[in-house]
Amino acid sequence: MAQKVPFVQFNNDLKFPIFGLGTWKSPPGEVTQAVKNAIDAGYRHIDCAHVYGNETEVGAALKEKIQEGVVKREDLYITSKLWNTFHRPDLIEPAIKTTLCNLGLEYLDLYLIHWPQAYKEDEGLFPEKDGKTVYSDVDYVDTWKGMEKLVKKCLTKSIGVSNFNHEQIDRVLAIAEIKPVTNQVECHPYLNQKKLIEYCKSKDIVITAYSPLGSPDRPWAKPGDPQLMDDPKLKEIAQKYGKTTAHILLRYNVQRGLITIPKSVTKSRIEQNIDIFDFELKNEDMECIDTFDCNGRFCHLNWIKDHKYYPFNIEY
Ligand SMILES: NC(=O)C1=CN([C@@H]2O[C@H](COP(=O)(O)OP(=O)(O)OC[C@H]3O[C@@H](n4cnc5c(N)ncnc54)[C@H](OP(=O)(O)O)[C@@H]3O)[C@@H](O)[C@H]2O)C=CC1
Ligand SMILES: O=C1CO[C@H](CO)[C@@H](O)[C@@H]1O
């Protein structure tokens, strides 16, 4: 049975489903089926990015489900992201047009600046010299001005940012004609983002929580790294509610009003993960989970921390 997902309201008055499917690391050969399974299970929000290298295969699933009459385009909420090598203002419109062409769509619902820091243009998605990423000094504020033009051209309904710290958001807000609707950042009990959430709330910006399950399949995971889903205290809470640890992690974020986007290519997990709207965590359990925060960032990209716009050198 398809689940019904509540919506959040953006600062531009558009609504967006509070829950969606992540697609980073979803292999091109598996993601079409995963997105079809997700739509059948009730997902209407799919989180994509050019850098994930699978937008064509995501698009194939959207096309099939629209052709089958299961959903209409206007029922779907599709996010994509401007990669770091396309921050220069003249590269932004061609970048979204490539993404639209790959997804087979005429417009996106939401387009994000993927990271505040730019990489050197025209040398592939991960330009490197002597094993080090090559940077570009494009200022994300200039990139934001280019993002605003995409809304005016109806290529995307909403725009936002991802991995921005509060000072970077402040700089964007100082020049913005169109405010970012969301800041998509890593968020789960080990990195609960209390201060960034409060700051964004004060600016009417919704947080989207990525890696809500702790991203166990991230490419740089090492044996012995902490595994969020194996945390014994979370397992205990899950047992008390008769739910899985994944359910508790996803419910924790959604109950804080955060848009939450777990990734899976496994049918049973795709169906399990969306099944979180029929129970509530008690206040005492929410408060207990709040105490697990330990600055446990899995998606730190600390090999580029000398970039002048690396976002995680300040507290939040
Ligand atoms: N803006 C940004 O910079 C970033 C955005 N993102 C977005 O957020 C999404 C989610 O984050 P991501 O880092 O992928 O990690 P998640 O925290 O969503 O974890 C995904 C992993 O958990 C497994 N999994 C999913 N559901 C369950 C379950 N119920 N039980 C056990 N294991 C489960 C998946 O396995 P399997 O697929 O094999 O089922 C996969 O290995 C991304 O896919 C992407 O769309 C993520 C990182 C950075
Ligand atoms: O969304 C993300 C996952 O993939 C990227 C590159 O490998 C990350 O940089 C990014 O944050």
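Everything numeric here is computed off the predicted structure, so don't read it as measured data. Counting starts at 1 for both ligands and their atoms, following the listed order.
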What atoms of ligand 2 come within less than 4.0 Å of a heavy atom belonging to Leu301?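 Counting from 1, the qualifying ligand atoms are 9 (O).
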
Are [X] and [Y] close enough for a salt bridge, meaning some N to O gap below 4.0 Å?
{"X": "Glu123", "Y": "Lys129", "value": "no"}
{"X": "Lys267", "Y": "Asp40", "value": "no"}
{"X": "Glu167", "Y": "Arg171", "value": "no"}

Walk me through it: do His247 and Tyr241 pass the test ring-ring contact (aromatic ring centres under 6.0 Å, His included)? CA-CA 10 Å; His247 282 137; Tyr241 285 86; over 10 Å; no

Smallest separation among heavy atoms of Ser264 and Leu21, with atom names: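 It is O-CD1, 3.8 Å.
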
Before signing off on this row, confirm whether [X] and ligand 1 have an N or O atom pair separated by under 3.5 Å.
{"X": "Gly214", "answer": "yes"}
{"X": "Met229", "answer": "no"}
{"X": "Lys81", "answer": "no"}
{"X": "Pro216", "answer": "no"}

Do Pro216 and Gln227 touch side chain to side chain, with heavy atoms closer than 4.5 Å?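 They are in contact (side-chain heavy atoms under 4.5 Å apart), so the answer is yes.
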
Among all the protein's non-hydrogen atoms, which is closest to [atom], and how far away is it?
{"atom": "atom 11 (O) of ligand 1", "value": "Ser211 N, 3.1 Å"}
{"atom": "atom 2 (C) of ligand 2", "value": "His114 NE2, 3.4 Å"}
{"atom": "atom 3 (O) of ligand 1", "value": "Asn163 ND2, 2.8 Å"}
{"atom": "atom 14 (O) of ligand 1", "value": "Lys25 NZ, 2.7 Å"}
{"atom": "atom 15 (O) of ligand 1", "value": "Ser215 CA, 3.4 Å"}
{"atom": "atom 6 (C) of ligand 2", "value": "Phe126 CZ, 3.8 Å"}
{"atom": "atom 26 (N) of ligand 1", "value": "Asn273 ND2, 3.0 Å"}
{"atom": "atom 23 (C) of ligand 1", "value": "Arg269 NH1, 3.9 Å"}
{"atom": "atom 7 (C) of ligand 1", "value": "Asp47 OD2, 3.6 Å"}
{"atom": "atom 25 (C) of ligand 1", "value": "Lys263 O, 3.1 Å"}

Heavy-atom contact check, 4.0 Å cutoff: does [X] meet ligand 2?
{"X": "Trp83", "result": "yes"}
{"X": "Trp115", "result": "yes"}
{"X": "Arg218", "result": "no"}

For the residue pair Trp303 and His300, categorise the inter-ring angle as parallel (less than 30°), tilted (30 to 60°) or perpendicular (more than 60°).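 Perpendicular: the ring planes of Trp303 and His300 meet at over 60°.
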
Measure up the Phe298 and Tyr190 rings against each other and bin them: parallel (under 30°), tilted (30 to 60°), perpendicular (over 60°).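 Correct class here is tilted.
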
With Lys243 as reference, evaluate Asp275, Asp285, Asp278 under the salt bridge (Lys or Arg N to Asp or Glu O under 4.0 Å) test and give the passing residue.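 Among the candidates, only Asp278 passes.
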
Go through Asp225 and Arg218 one step at a time and tell me if the salt bridge (Lys or Arg N to Asp or Glu O under 4.0 Å) criterion holds. CA-CA 11 Å; Asp225 280 355; Arg218 67 197 178 282; 3.1 Å; yes

What part of Lys81 sits under 4.0 Å from ligand 2 if we count only heavy atoms: the side chain, the backbone, both or neither?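 Contact part for Lys81 vs ligand 2: neither.
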
Closer than 4.0 Å to some heavy atom of [X] - which atoms of ligand 1 meet that?
{"X": "Ala246", "value": "28 (C), 29 (N)"}
{"X": "Val265", "value": "36 (P), 37 (O), 39 (O)"}
{"X": "His114", "value": "1 (N), 2 (C), 3 (O)"}
{"X": "Gln184", "value": "1 (N), 2 (C), 4 (C), 5 (C), 6 (N), 7 (C)"}
{"X": "Pro212", "value": "17 (O), 18 (O)"}
{"X": "Trp24", "value": "13 (O), 42 (C), 43 (O), 44 (C), 45 (O), 46 (C), 47 (C)"}
{"X": "Gln272", "value": "29 (N)"}
{"X": "Thr266", "value": "36 (P), 38 (O), 39 (O)"}

Option whose closest heavy atom lies nearest to atom 1 (O) of ligand 2, chosen from Tyr52, Trp24, Tyr210: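 Nearest heavy atom to atom 1 (O) of ligand 2 lies in Tyr52.
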
Do we see a donor-acceptor contact under 3.5 Å between the side chains of Thr99 and Glu55?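 Yes, side-chain donor-acceptor contact under 3.5 Å.
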
Return yes when [X] approaches ligand 1 closer than 4.0 angstrom through a heavy atom, no otherwise.
{"X": "Ile261", "result": "yes"}
{"X": "Arg218", "result": "no"}
{"X": "Tyr52", "result": "yes"}

Should Lys203 and Asp170 be marked as a side-chain contact (heavy atoms from CB on, under 4.5 Å) after you check the CA-CA gap, both sets of side-chain angles, and the distance that decides it? CA-CA 9 Å; Lys203 305 289 178 189; Asp170 247 356; 4.1 Å; yes

Would you check if the distance from the ring center of Phe16 to the ring center of His45 is below 6.0 Å?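 Ring centroids of Phe16 and His45 are less than 6.0 Å from each other.
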
Establish, yes or no, whether a centroid distance under 6.0 Å links the rings of Tyr43 and Phe19.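 Yes; Phe19 has its ring centre under 6.0 Å from that of Tyr43.
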
Under 4.5 Å between side-chain heavy atoms, hopping through other hydrophobics if needed: is there a path connecting Leu105 to Trp83?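 Yes, Leu105 and Trp83 fall within the same hydrophobic cluster.
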
State yes or no: do Leu14 and Met147 share one hydrophobic cluster built from I, L, V, M, F, W and Y residues joined by side-chain heavy-atom distances below 4.5 Å, directly or via other members?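 The answer is no; the residues belong to distinct hydrophobic clusters.
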
Distance under 6.0 Å and angle within 45° of the ring axis: does Lys4 meet both against Phe277?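 Negative - Lys4 is either too far from the ring of Phe277 or too far off its axis.
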
Identify whether NZ of Lys or CZ of Arg in Arg73 sits under 6.0 Å from the centre of the six-membered ring of Tyr107 and within 45° of that ring's axis.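 The answer is yes; both the distance and angle limits are met.
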
Does the salt bridge (Lys or Arg N to Asp or Glu O under 4.0 Å) test come out yes or no for Glu198 and Lys195, once each step is laid out? CA-CA 5 Å; Glu198 272 165 21; Lys195 289 189 179 165; over 6 Å; no

Measure Ala49 to ligand 1 on non-hydrogen atoms and call it side chain, backbone, both or neither using the 4.0 Å cut-off.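 It is neither part, as no heavy atom is under 4.0 Å.
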
Classify the contact between Ser264 and ligand 1 as side chain, backbone, both or neither, using a heavy-atom distance cut-off of under 4.0 Å.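 For Ser264, the contact with ligand 1 is made by both the backbone and the side chain.
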
